[in-house]
Structures are given as C-alpha cells and as structure tokens.
Amino acid sequence: MNFLIDHNLGGHAEILLGNIASQGWLNLLPIRVVTFKQMNLSIDSNIELFGDLLRQIR
C-alpha cells in the first residue's frame, strides 16, 4: 500500500509509520510512504495526476 504524503504531514507520517512498524504490522501489510519531493511533484500539483504516479512506483 502506497501513501503519498503532503509536505505538511511528513513528520507525522514518519511517526505513524514507525509505530506501525514497531507493532509488526509491516510484516502483514506492506506500507510505503512516498513524498511529493520523491515523486518530483510541486506542492501545488494537480491531484488527478497522483493515481497514475502511485501506480508507477509499485
């Protein structure tokens, strides 16, 4: 499962992913956090592009 994280939520996403990992959930459900920067997106990118971009990183 991929989550595209807005630049405002980066720190919160790291904490959440850390908690999920520490409880062993990543062994059952692979979760990947991707930032706008990693996807070379500007912070005001068009949301209609996100679905196609996230499918590309699988």
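- Here the CD1-CG distance, from Ile20 to Leu29, works out to 8.0 Å after rounding to the nearest 0.5 Å.
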Note to self: Please determine whether side chain to side chain contact (heavy atoms under 4.5 Å, CB included) holds for the pair Val34 and Phe3, giving the CA-CA distance in whole Å, both sets of side-chain angles, and the decisive distance to 0.1 Å.
What the structure shows: CA-CA 6 Å; Val34 182; Phe3 289 93; over 6 Å; no
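- Ile5 and Phe36 make their closest contact through O-CD1, 3.3 Å (heavy atoms, listed as atom of the first residue, atom of the second, distance).
- In this structure, CZ in Arg32 is found 11.0 Å from CG in Leu4, a value given to the nearest 0.5 Å.
- At a threshold of 4.5 Å between side-chain heavy atoms, the hydrophobic network of Ile, Leu, Val, Met, Phe, Trp and Tyr places Ile15 and Met1 in two separate groups.
- Panel note: side chain Gln38, backbone Thr35; a donor-acceptor pair is recorded below 3.5 Å.
- Between the NE2 atom of His12 and the CG atom of Leu17 there is a distance of 14.5 Å, given to the nearest 0.5 Å.
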